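From a predicted model like this one, the values you see are computed outputs, not experimental measurements. Just so it is clear, the values below take in all heavy atoms, side chains as well, and ignore hydrogens, waters and symmetry mates. Throughout, numbering of the chain's residues begins at 1 and tracks the sequence.
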Amino acid sequence: YYLISKRIILPSKDQLQRFINSICSNYHQSIFEKVNSQIEENLQSEINKILNIGEDEQVTWFQRFKEYPPAASITSIKNYLEKYERLIIIPFDSVDIINFLGTSFSRDLFKQAKYYSADAVKRFKIEKRNTLILVFLNETRKILLDYLAQMHERYIADICRQCANIYNSELKQYQNKHNKALDRIVKVVDYLLEQELEDSTRLDLNSLFQSTHSKIELSESRENMRKYQVFLKYGYSNLLQNRHQSMRRYFADYVKLINFKAPKEDSSLVEAIEIVKQLDNKELKSLPNDVPYDFINKDLKKALFDQNKNIKRNIWEMGVAIAIKEFLVSGDIYIPQSKKYISFKSLVYSDKEWEKKKDSSYKNLELESESSKAIFALKDQFIAAVNIARNRFKKDDFAEIKDNKLKPRKKDALEELPEVERLQKILSSSLPKIKIEQLLIEVDQMTGFSRHFTPIHKQKSHPADFYKTLMAGLLSQATNIGM
């Protein structure tokens with residue numbers, strides 16, 4: 001009645017949608033203008049450079065930053081170190097983009113930036129264009145650091161696996177020779193023990209060699225046993241040492257460009273990384289006497305020192321590279337500006353942040369804020385769940401709770417009769433063979449799942465050959481068969 005009396009007509013759904021979109025667009029534009037006002041001339045110049053193809057280049061840096069990493073190899077790691085080095089010379093940290101946009105809006109803009117080509121981005125207004133690129137650069141830095149950490153991890157894991165396979169293969173050969181040598185030595189010892197010699201009687205070596213093995217055979221046996229002992233102790237570390245020169249092709253730039261930190265201030269590995277940098281910069285001529293090595297694994301420690309009790313640099317650096325891989329995974333070191341390899345502390349609210357968000361967090365999670373009430377509620381939930389399980393197990397013919405332990409009533413989950421197995425073989429032989437891509441298309445025809453793959457920009461139109469590309473992409477990403 002009020003609307004009629006005031007002669008107010010409600011807008012249609014389309015009109016309301018256009019009105020809301022206009023408000024959002026104007027608000028976004030105001031944010032883009034604020035961001036753009038913070039951009040200095042040198043930053044604007046760098047943004048223009050990455051959107052344009054430079055001399056002797058085939059694609060823009062904007063496109064190169066989007067590429068996914070190939071298999072971990074020295075060449076690919078060096079390529080991504082070059083990308084990261086190009087990225088960090090851009091002074092985009094001069095604009096606190098997250099403070100202007102917030103995390104959620106930044107995430108949406110980054111998705112858009114990844115979708116658009118350089119030419120498409122250049123068609124936007126300069127305010128939106130610059131904001132998109134700043135968001136893209138900020139997120140790309142995190143992604144490149146994650147890629148570099150993962151590629152180093154995979155490369156080191158590959159060479160460790162390869163060396164271990166070679167070591168185990170060669171160890172078998174050494175072991176066979178060692179066992180034959182041992183049999184010869186045992187035969188000689190048995191012969192000596194059988195001889196009853198007086199103190200004044202000398203052993204006749206000729207008769208010993210004739211009765212057991214020749215001098216040449218015994219010398220060969222002794223050498224085979226010695227080689228086995230040496231290879232058993234130093235074989236794996238020597239194989240890794242041989243890979244040091246190849247690993248060094250990227251490792252110097254890797255530790256120079258990536259800022260490794262540790263939760264503890266006295267981390268020996270971080271100290272070792274700094275020593276590697278100083279050696280590469282010629283600030284140090286050789287390893288210090290007190291260089292840390294407690295992080296090096298036991299296999300490499302066996303071969304760490306030379307005859308003069310000095311630490312071998314190639315073995316030590318190989319130990320540093322392996323420790324970086326292992327410590328990043330365990331969280332004993334982290335990369336502050338990455339997305340995946342950040343410190344655990346950064347994932348936890350500070351005391352001030354927790355005070356602000358505590359009440360809303362408890363409410364959203366439907367938890368009691370008081371610990372005593374929360375404990376009682378958990379106890380009640382646990383007891384209720386136990387009672388439900390106990391009642392269900394009474395009717396279950398597969399398992400039961402006996403003496404507070406879960407015990408199956410049957411050996412197998414299901415009894416498979418011989419007739420069932422024969423029937424399965426008949427059915428399998430009768431079914432027609434089908435290509436996996438055809439199967440995926442038939443499933444889509446029944447379920448219509450492909451309609452849910454929509455563009456980020458929400459447009460209804462699709463590019464040419466979209467359906468074929470979608471099916472090929474699903475197969476390549478969801479299976480191991482490739483494109």
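- The closest donor-acceptor contact from the side chain of Asn179 to the backbone of Gln175 lies under 3.5 Å.
- Ion pair Lys233/Asp299 not flagged as a salt bridge, since none of the NZ, NE, NH1 or NH2 atoms sits closer than 4.0 Å to an Asp/Glu carboxylate oxygen.
- When every heavy atom of Met151 is checked against every heavy atom of Pro69, the shortest pair comes out as SD-CB, 3.8 Å.
- No side-chain donor-acceptor contact under 3.5 Å links Tyr174 and Asn224.
- Using modelled atom types, no side-chain atom of Lys325 and backbone atom of Ile156 make a donor-acceptor pair closer than 3.5 Å.
- For Asp119 and Ser117, the side-chain atoms include no donor-acceptor pair closer than 3.5 Å.
- Using a 4.5 Å heavy-atom threshold, the side chains of Ile97 and Thr131 count as touching.
- Checked against the 6.0 Å centroid criterion, the rings of His28 and Phe105 qualify as a close aromatic pair.
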- [ ] Before giving the answer on salt bridge (Lys or Arg N to Asp or Glu O under 4.0 Å), spell out for Glu139 and Lys339 the whole-Å C-alpha distance, their side-chain angles and the decisive distance to 0.1 Å.
- [x] CA-CA 9 Å; Glu139 288 296 315; Lys339 181 173 287 188; 3.1 Å; yes

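- Taking the ring centroids of Tyr334 and Phe260, they lie at or beyond the 6.0 Å cut-off.
- Judged by distance alone, the side chain of Asn36 and the main-chain N or O of Phe32 form no donor-acceptor pair under 3.5 Å.
- Cation-pi contact between Arg64 and Trp61: present, with separation from the ring centre below 6.0 Å and deviation from the ring axis of at most 45°.
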Task: Steps toward side-chain contact (heavy atoms from CB on, under 4.5 Å) verdict (Gln241, Ser237) - done: CA-CA 6 Å; Gln241 181 181 350; Ser237 57; over 6 Å; no

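- Using a 3.5 Å distance cut-off with no hydrogens or angles, the side chains of Gln44 and Asn130 do pair a donor with an acceptor.
- Checking Ser76 against Ser73 by side-chain atom types alone, a donor-acceptor pair falls below 3.5 Å.
- A salt bridge links Arg226 and Glu223; the closest N-O separation between the charged side-chain nitrogens and carboxylate oxygens is under 4.0 Å.
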Open item on the list: side-chain contact (heavy atoms from CB on, under 4.5 Å) for Glu82 and Glu85? Distances and angles first, verdict last.
Closed with: CA-CA 5 Å; Glu82 180 191 357; Glu85 190 171 17; 5.6 Å; no

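- At a threshold of 4.0 Å, the pair Arg243-Asp158 does not count as salt-bridged, since none of the basic side-chain nitrogens sits closer than that to a carboxylate oxygen.
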Task: Ile315 vs Phe305, side-chain contact (heavy atoms from CB on, under 4.5 Å): CA-CA, chis, key distance, verdict - done: CA-CA 9 Å; Ile315 290 284; Phe305 295 92; over 6 Å; no

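- Here the shortest heavy-atom pairing between Cys163 and Leu239 reads O-CD1, 3.5 Å.
- Between Ala321 and His152, the shortest heavy-atom contact is O-NE2, 3.0 Å.
- In this structure, Lys128 forms a cation-pi arrangement with Phe124, its terminal cationic atom sitting closer than 6.0 Å to the ring centre and no more than 45° off the ring axis.
- Of the possible polar contacts, one joining the Thr140 side chain to the Phe136 backbone as a donor-acceptor pair under 3.5 Å is found.
- Residues Gln17 and Asn21 have side chains that bring a donor and an acceptor to within less than 3.5 angstrom of each other.
- Salt-bridge formation is not detected for the pair Lys34/Glu127: no Lys NZ or Arg NE/NH1/NH2 atom is positioned less than 4.0 Å from an Asp or Glu carboxylate oxygen.
- In this structure, Lys358 does not pair ionically with Glu353, as no charged nitrogen and carboxylate oxygen lie closer than 4.0 Å.
- Contact detail for Ala181 and Ser221: the closest heavy-atom pair is CB-O, 3.3 Å.
- Taking the six-membered ring where the residue is Trp, Trp354 and Tyr349 present parallel rings, their angle staying beneath 30° rather than reaching 60°.
- Distance alone, capped at 3.5 Å, is enough to place a donor-acceptor pair between the Thr469 side chain and the Asp465 backbone.
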Open item on the list: Go through it in stages, so that I can follow the logic: the residues are Phe453 and Phe466, the test is ring pair (Phe, Tyr, Trp, His ring centres under 6.0 Å), and I'd like the CA-CA distance, side-chain angles, deciding distance and then a yes or no.
Closed with: CA-CA 10 Å; Phe453 288 86; Phe466 171 75; 8.2 Å; no

